[in-house]
2 protein chains.
Amino acid sequence: MKDLFSNIQIKVNENIYLKNPESSDLGKKIIFGSIEMIDDIGFEAFTFRKLACSISSTEASIYRYFESKHKLLLYLTAWYWAWMEYKLVFSLINIISPEERLKRAVTIVTEPIEEDSNFLHINEVKLNHIVISESSKAYLTKEVDSENKEGFFSGYESMVMRISKVIQEINPDYPNANMLVSTVIEGAHHQYYFTEHLPKLTTISEDRNCITNFYIDLVFKVIQK
Amino acid sequence: MKDLFSNIQIKVNENIYLKNPESSDLGKKIIFGSIEMIDDIGFEAFTFRKLACSISSTEASIYRYFESKHKLLLYLTAWYWAWMEYKLVFSLINIISPEERLKRAVTIVTEPIEEDSNFLHINEVKLNHIVISESSKAYLTKEVDSENKEGFFSGYESMVMRISKVIQEINPDYPNANMLVSTVIEGAHHQYYFTEHLPKLTTISEDRNCITNFYIDLVFKVIQK
DNA sequence: CAAATATAATAGTATTACTATTACAAACAA
DNA sequence: TTGTTTGTAATAGTAATACTATTATATTTG
């Protein structure tokens, strides 16, 4: 995924932001700086005041782009899932074997992330860290139903549905594809977090791909007829 | 699980609280009231001031029991996992067949919760709701490592390890038991949440036990030799 | 019954998320 | 040029929240 496109843009639901951060230098600095800072000090300690200070701007200027830090988190996760979907689509192009397609799909959502040089103002490795540690706070709220209605989580949903379809290419009778896919995605995120912070809750291995291998094995065993 | 014991107490790590809430009437009212309120308005909107008001006490009095609302959340989840472990132990007693033991273990951590009349000041159904919607906020913080050192998450850990051992009774060579168990526990919680709020991320069914059945099927398929 | 202690209430402070208003600057038209 | 519009950013707040210092009141104990 190196220098494939110089003019591609990841599209995010327009109702998440007040002004598109991709549309100005300040906007890109807000995204870049917030990823650095949230990854560094965590979402609770992160404030617009601190962010403004770190990018040499002001609190009010940031509020021109996002109406709250919650919306900024929604933006980051929405961007992440849109980016993942674009990676998935390209990884499956021209691959005919359904088994190979499923293997690639599971790999995309469970393997360690590498940087994508097409988006210079976004550090995908740190963003992946944030998605693992903070993104569940974006939907574990009392506003989830109304925000879901506005389509703020549709990137995640469409990712799940795409992979479910690949499962159905192999076994059209398997009834719980969606449940299986979201179990795998959330599960992989948890395993990475547990490996670093709560090792007794996972299996520790030297193998860099051990989490991906675990979920590939799991998925193929579970959907077999 | 009805009136089995009138004199049993669930033990929680003493460093989580300043004063044991089980030791006084006010303490029990704090637990009862906080479960009602967090389930009702969510952890973000929940404050000690509102809680004090609802149980006719004061903010400062609650701070005698818990040094922060975060610690109160840790207490609730620690209590929940200690209670789950006691349910697991009783469910497995005298059961010899390893397959039946595993089936029961997975059922305990994935089935819908019913009230336990042994603990009158705790509504286990609402507490389960809180664990599903809020408990990940207890460990997705920058303090996770130091709090883990103090053993605040040991109830969850020991639950995972107990079930892993049951898996090893069936297949001692299966290498990823811990990873599988935490995938199942977290997965089931997510599926219940998705069913209610983000239905496109799961499989909707009329069957009340569909989530439990999915994970029992999954576990047995995955650990087969 | 007095001293010691446990418990609870009052009245704060510091910080945070968020906003109302004003200031500035570039772009364009008359 | 001048005046108007529009995009952008800065100042200076407010309301609410998490948390605390201090005082008051019960309860227990010697």
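We name chains A, B, ... by the order of the sequence lines, and we start the count at 1 in each one.
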For nucleotides 25-27 of chain C, which of its nitrogen or oxygen atoms have a protein nitrogen or oxygen under 3.5 Å away, and what is each distance?
none

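For the salt bridge (charged side-chain N to carboxylate O under 4.0 Å, His left out) condition, the pairs that include at least one residue of residues 45-61 of chain B, sequence neighbours left out, are B/R49-B/E59. Note on residues 64-79 of chain B: pairs passing salt bridge (charged side-chain N to carboxylate O under 4.0 Å, His left out), not counting sequence neighbours, are B/E67-B/K71.
Not counting sequence neighbours, B/S205 has no partner by the side chain to side chain donor-acceptor pair (under 3.5 Å) test. Remark: A/N148 engages no residue in a side chain to side chain donor-acceptor pair (under 3.5 Å) (not counting sequence neighbours). Listed by chain and residue number, A/S24 satisfy the side chain to side chain donor-acceptor pair (under 3.5 Å) test with A/Y65 (two or more places apart in sequence, or in another chain). Partners of B/F66 by ring-ring contact (aromatic ring centres under 6.0 Å, His included), not counting sequence neighbours, listed by chain and number: B/Y75.
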List the atom pairs, donor and acceptor, that lie under 3.5 Å between side-chain atoms in residues 32-40 of chain A and the rest of the protein, sequence neighbours left out.
residue, atom, partner, partner atom, Å
A/S34, OG, A/I30, O, 3.0
A/S34, OG, A/I31, O, 3.0
A/E36, OE1, A/K126, NZ, 2.9
A/E36, OE2, A/K126, NZ, 3.3

Taking distance alone, no hydrogens or angles, what donor-acceptor pairs closer than 3.5 Å link side-chain atoms of residues 178-188 of chain A to residues at least two apart or in another chain?
residue, atom, partner, partner atom, Å
A/N178, OD1, A/S164, OG, 2.6
A/N178, ND2, B/K200, O, 3.1
A/N178, ND2, B/T202, O, 3.3
A/S182, OG, A/N178, O, 3.2
A/S182, OG, A/M179, O, 3.4
A/S182, OG, B/Q191, NE2, 3.1
A/S182, OG, B/L201, O, 2.8
A/T183, OG1, A/M179, O, 2.7
A/T183, OG1, B/Q191, NE2, 3.2
A/T183, OG1, B/Y215, OH, 2.7
A/E186, OE1, A/Y139, OH, 3.4
A/E186, OE1, B/H190, NE2, 3.2
A/E186, OE2, A/Y139, OH, 3.1
A/E186, OE2, A/Y156, OH, 2.6

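Interface residues of residues 15-32 of chain B facing DNA chain C, ordered by number: B/K19, B/L26; criterion, heavy-atom separation under 4.0 Å. Non-hydrogen atoms lying under 4.0 Å from DNA chain C are contributed by B/R49, B/S57, B/T58, B/A60, B/S61, B/R64, B/Y65, all within residues 37-76 of chain B.
Note that the first and last nucleotides of DNA chain D, 5' to 3', having any atom under 4.0 angstrom from a heavy atom of chain A are D/dT8 to D/dG13.
Relative ring orientation between A/W79 and A/W83 is described as parallel, the plane-to-plane angle staying below 30° on a 0-90° scale split at 30° and 60°.
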* Asked: Between A/E44 and B/H70, does a side chain to side chain donor-acceptor pair (under 3.5 Å) hold up when you go through it step by step?
  -> CA-CA 12 Å; A/E44 276 72 36; B/H70 172 72; over 6 Å; no
Checking A/T195 against A/I211 for the side-chain contact (heavy atoms from CB on, under 4.5 Å) test, could you report, in this order, the C-alpha distance in whole Å, the side-chain angles of both residues, the deciding distance, and whether it holds? CA-CA 10 Å; A/T195 301; A/I211 291 172; 4.2 Å; yes
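Taking 4.5 Å as the limit, some side-chain heavy atom of A/L88 sits within range of a side-chain heavy atom of A/I163.
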